[in-house]
Amino acid sequence: MSVDTLLPQIAEVLRNARAIAVLTGAGLSAESGIPTFRDAQTGLWAQYRAEDLATPEAFERNPQLVWDWYEMRREGVRAAQPNPGHFALAAMQVQAPACTLITQNVDGLLQRAGGRMVLELHGNILRNTCFDDGCVVEAVLEGQRPPRCPQCGGMVRPDVVWFGEELPADVLTHAIRAAKECDVFLSIGTSALVHPAAQLPMSALDNGATLIEVNRDPTPLSPSAHYSVRALAGEFQPRLVKAAWPEAA
Ligand code: BV8
């Protein structure tokens, strides 16, 4: 079915929802100029795969390389602006009776667009912690790459969840509860490949929710979705929210 045929139907579902849970991925920030996780890397980093750098083993093997990769990404995140897709999700959170925003992204753009109580499953690239004692490290001194923890002298690392690391338990518990209790689950801009985040839409389905997917490309989730739309988040999501709540536009 065409995007234009699906749009009013999905708008109706959202408008009548009791509780919406939203899972966002890197595709939501693509139109803000932040490369997605599976986009080929460019320039200096073209020889590496993101999945191979985003691990504790890579950091222990070559801390300066991994630190520099995150410094390059942080620069891009700081320069990026939320796009209409982020603002539309924040607007939906105001209009809907209940709307939980769950993100796999580490860029903080949903919060900058006005999203509230955003559940950051994979942490935030603009925060730092100590690799040894896990404490939050506020200010890092220029010079050493990676810098050292002022408390214990351990290596400072970005406050993100690497592959092979557990997600923050409180955030994951909250996300699982939102997925199980919602009657509409929206998956937007994610390849639905990374676990345990990819399990959330399936939990919602198991509990009888209507599953909506908005993604540029098909994903393993597409066949299970009640509505699977091939569209760009920054283009489609604002149209969808406007159709669902025209009085709010
Ligand atoms: C864990 C932070 C316990 C770091 C990230 C079960 C089955 C299989 C594997 C596992 C499993 N359980 C655990 C694993 C292992 C692993 C995993 O899932 N591996 C996968 C890849 C096979 N998971 C873990 O290790 C997790 N930890 O479970 O601990 C454990 C450990 C080991 C073994 C068992 C249990 C930790 C996962 C977190 C990793 N950290 N990020 C950093 O950012 O540097 S994940 C990383 O991928 C990003 O956060 C990213 O958001 C996330 C998910 O990717 P997507 O967001 O979907 O991005 P992607 O590029 O893939 O897709 C973008 C999509 O957007 C595309 O589909 C594209 O079509 C679309 N798109 C593009 N532009 C647009 C668009 N759509 C709309 N509009 C557009 N404009």
Side-chain angles (χ1 to χ4, degrees), residues 3 22-42 45 48-59 65-77 80 82-86 88-89 101-110 118-129 131 157-169 171-173 175-176 186-203 212-222 225 228-240:
V3 172
V22 182
L23 175 66
T24 78
L28 177 65
S29 296
E31 289 154 271
S32 296
I34 297 179
T36 68
F37 215 70
R38 277 161 195 81
D39 275 345
Q41 301 229 89
T42 56
W45 306 100
Y48 302 99
R49 286 187 340 140
E51 297 90 307
D52 299 333
L53 292 170
T55 68
E57 294 77 17
F59 187 62
L65 177 84
V66 174
W67 176 263
D68 290 350
W69 182 56
Y70 278 93
E71 286 295 277
M72 175 277 289
R73 288 177 61 197
R74 291 190 237 245
E75 234 176 273
V77 165
N83 67 56
H86 295 106
L89 290 175
L101 299 179
I102 306 162
T103 190
Q104 299 171 91
N105 299 340
V106 295
D107 55 38
L109 289 182
L110 258 178
V118 176
L119 299 177
E120 293 181 310
L121 295 176
H122 298 157
N124 187 301
I125 199 170
L126 298 179
R127 289 194 304 262
N128 286 312
T129 57
F131 188 63
R157 55 164 290 175
D159 184 18
V160 297
V161 179
W162 279 331
F163 286 98
E165 293 185 323
E166 299 283 352
L167 277 59
V171 176
L172 182 57
T173 303
I176 291 169
L186 168 65
S187 175
I188 180 166
T190 179
S191 59
L193 292 172
V194 173
H195 290 261
Q199 191 49 41
L200 293 171
M202 302 316 288
S203 304
I212 302 162
E213 178 187 52
V214 175
N215 203 59
R216 186 192 62 196
D217 304 311
T219 74
L221 190 62
S222 303
S228 184
V229 182
R230 299 281 77 73
L232 298 184
E235 208 177 76
F236 183 77
Q237 196 57 26
R239 288 176 58 202
L240 182 56

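Bear in mind that the values here come from a model prediction, so they are computed numbers and not experimental data. In listed order, ligands and their atoms are each counted from 1. Atoms considered below: every heavy atom in the structure, side chains included; atoms not considered: hydrogens, waters and symmetry mates.
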Min N/O separation Ala30 to ligand 1 under 3.5 Å = no
Polar proximity ligand 1 side, Trp162 side, N/O cut 3.5 Å exclusive | no
Against heavy atoms of Ala231, which atoms of ligand 1 measure under 4.0 Å?
-> 77 (C), 78 (N)
State, to 0.1 Å, how close Ala225 and Glu213 come at their nearest heavy-atom pair, and which atoms those are.
-> CB-CB, 4.2 Å
Any non-hydrogen atom of Leu167 lying under 4.0 Å from ligand 1?
-> yes
Exercise: identify the closest heavy-atom pair between Thr219 and Ala192 | OG1-CB, 4.1 Å
Atom 30 (C) of ligand 1 protein-contacted, heavy-atom criterion under 4.0 angstrom | no
Would a search of protein heavy atoms around atom 34 (C) of ligand 1 find one under 4.0 Å away?
-> no
Of all the atoms in ligand 1, which lie at a distance below 4.0 Å from a heavy atom belonging to Leu193?
-> 20 (C)
If you look at every heavy atom in Ala30 and Thr36, which pair is closest and at what distance?
-> CB-CG2, 4.0 Å
Any N or O of Trp69 closer than 3.5 Å to N or O of ligand 1 | no
closest protein heavy atom to atom 80 (N) of ligand 1 is Glu31 OE1, 2.7 Å
Would you say Phe163 has any N or O atom under 3.5 Å from an N or O of ligand 1, going by distance alone?
-> no
Hey, mind stepping through Asp159 and Asn124 against side-chain contact (heavy atoms from CB on, under 4.5 Å) and telling me if it holds?
-> CA-CA 6 Å; Asp159 184 18; Asn124 187 301; 5.5 Å; no
Can you measure from CG (Leu221) to CD1 (Ile212) and round to the nearest 0.5 angstrom?
-> 11.5 Å
Say whether Tyr70 and ligand 1 are in contact under the criterion: heavy-atom distance to a ligand atom below 4.0 Å.
-> yes
Among Val171, Val160, Thr103, Leu167, whose side chain to side chain contact (heavy atoms under 4.5 Å, CB included) with His122 holds?
-> Leu167
Which ligand 1 atoms does Thr36 reach within 4.0 Å, using its non-hydrogen atoms?
-> 60 (O), 72 (C)
So for Ala197 against ligand 1, with non-hydrogen atoms under 4.0 Å, the contacting part is neither
So how far is it from Glu71 CD to Arg74 CZ, rounded to the nearest 0.5 Å?
-> 4.5 Å
Nearest-option assignment for atom 72 (C) of ligand 1, heavy atoms, candidates Arg216, Arg230, His195 = Arg216
Which atoms of ligand 1 have any heavy atom of Asn105 under 4.0 Å away?
-> 51 (O)
Do me a favour and list the nearest non-hydrogen protein atom to atom 25 (O) of ligand 1 with residue, atom name and distance?
-> Gly164 N, 2.7 Å
Could you pull out the closest heavy-atom pair between Asn83 and Ser29, with the gap in Å?
-> ND2-CA, 4.2 Å
Please confirm whether Glu165 comes within less than 3.5 Å of ligand 1 when only nitrogen or oxygen atoms on both sides are compared.
-> yes
Nearest heavy atoms of Leu23 and Pro201, plus distance in Å = CD2-CD, 4.2 Å
From the list Val22, Thr24, Leu101, side chain to side chain contact (heavy atoms under 4.5 Å, CB included) partner of Leu186 resolves to Val22
Can you find a non-hydrogen atom of Pro196 under 4.0 Å from ligand 1?
-> yes
Does NZ or CZ of Arg73 come closer than 6.0 Å to the centre of the six-membered ring of Trp45, within 45° of the ring's axis?
-> no
Going by the atom numbers of ligand 1, which of them fall below 4.0 Å from some non-hydrogen atom of Ser191?
-> 57 (O), 59 (P), 61 (O), 62 (O), 64 (C), 67 (O)
Close N or O approach (Val161, ligand 1; < 3.5 Å) = yes
Considering only the protein, which heavy-atom contact is closest to atom 74 (C) of ligand 1, and what is its distance?
-> Gly27 O, 3.4 Å
Which word best sums up how the rings of Phe59 and Phe131 line up, parallel for under 30°, tilted for 30 to 60°, or perpendicular for over 60°?
-> perpendicular
Is it the side chain, the backbone, both or neither of Glu51 that has a heavy atom closer than 4.0 Å to ligand 1?
-> neither
What's the spacing between Leu121 CG and Leu172 CG if we round to 0.5 Å?
-> 6.5 Å
For Ala233 and ligand 1, does the shortest N/O to N/O distance drop below 3.5 Å?
-> yes
Test the Arg49-Trp69 pair against the cation-pi criterion, namely NZ or CZ under 6.0 angstrom from the six-membered ring centroid and within 45° of the ring axis.
-> no
Under 3.5 Å donor-acceptor, Asn105 side chain and Gly25 backbone = yes
Look only at the side chain of Gln237 and the backbone of Ala88, and say whether a donor-acceptor pair between them is shorter than 3.5 Å.
-> no
Looking only at heavy atoms, the pair that brings Arg230 and Ser222 closest together is NH2-OG, 3.7 Å
Identify, for atom 43 (O) of ligand 1, the protein heavy atom at the shortest distance, and state residue, atom and that distance.
-> Arg73 NH2, 3.0 Å
Arg38 and ligand 1 - part of the residue with a heavy-atom distance under 4.0 Å = both
Using a 4.5 Å cut-off on heavy atoms from C-beta on, say whether the side chain of Leu193 contacts that of Phe37.
-> no
Closest protein heavy atom (residue, atom, distance) for atom 48 (C) of ligand 1 = Phe37 CD1, 3.6 Å
Identity and distance of the protein heavy atom lying nearest atom 69 (O) of ligand 1 | Asp217 OD2, 2.6 Å
Applying a strict 4.0 Å limit to heavy atoms, is Gln199 in contact with ligand 1?
-> no
To the nearest 0.1 Å, how far is atom 53 (C) of ligand 1 from its closest protein heavy atom, and which atom is that?
-> Gln104 OE1, 3.3 Å
Nearest protein heavy atom to atom 20 (C) of ligand 1: under 4.0 Å?
-> yes
In this structure, CD1 of Ile176 is separated from CG of Leu119 (nearest 0.5 Å) by 11.0 Å
Measure the distance from atom 66 (C) of ligand 1 to every protein heavy atom, then report the residue, atom name and distance (to 0.1 Å) of the closest one.
-> Asn215 ND2, 3.9 Å
When you look for heavy atoms under 4.0 Å from ligand 1, do you find them on the side chain of Leu121, its backbone, both, or neither?
-> neither
Nearest neighbour of atom 63 (C) of ligand 1 from the list Gly25, Gly189, Gly123, on a heavy-atom basis = Gly189
CH2-CG distance between Trp162 and Leu53, expressed to the nearest 0.5 angstrom = 10.0 Å
Check whether any N or O atom of Thr219, backbone or side chain, sits under 3.5 Å from an N or O atom of ligand 1, and answer yes or no.
-> no
Is the closest N or O pair between Ala26 and ligand 1 shorter than 3.5 Å?
-> yes
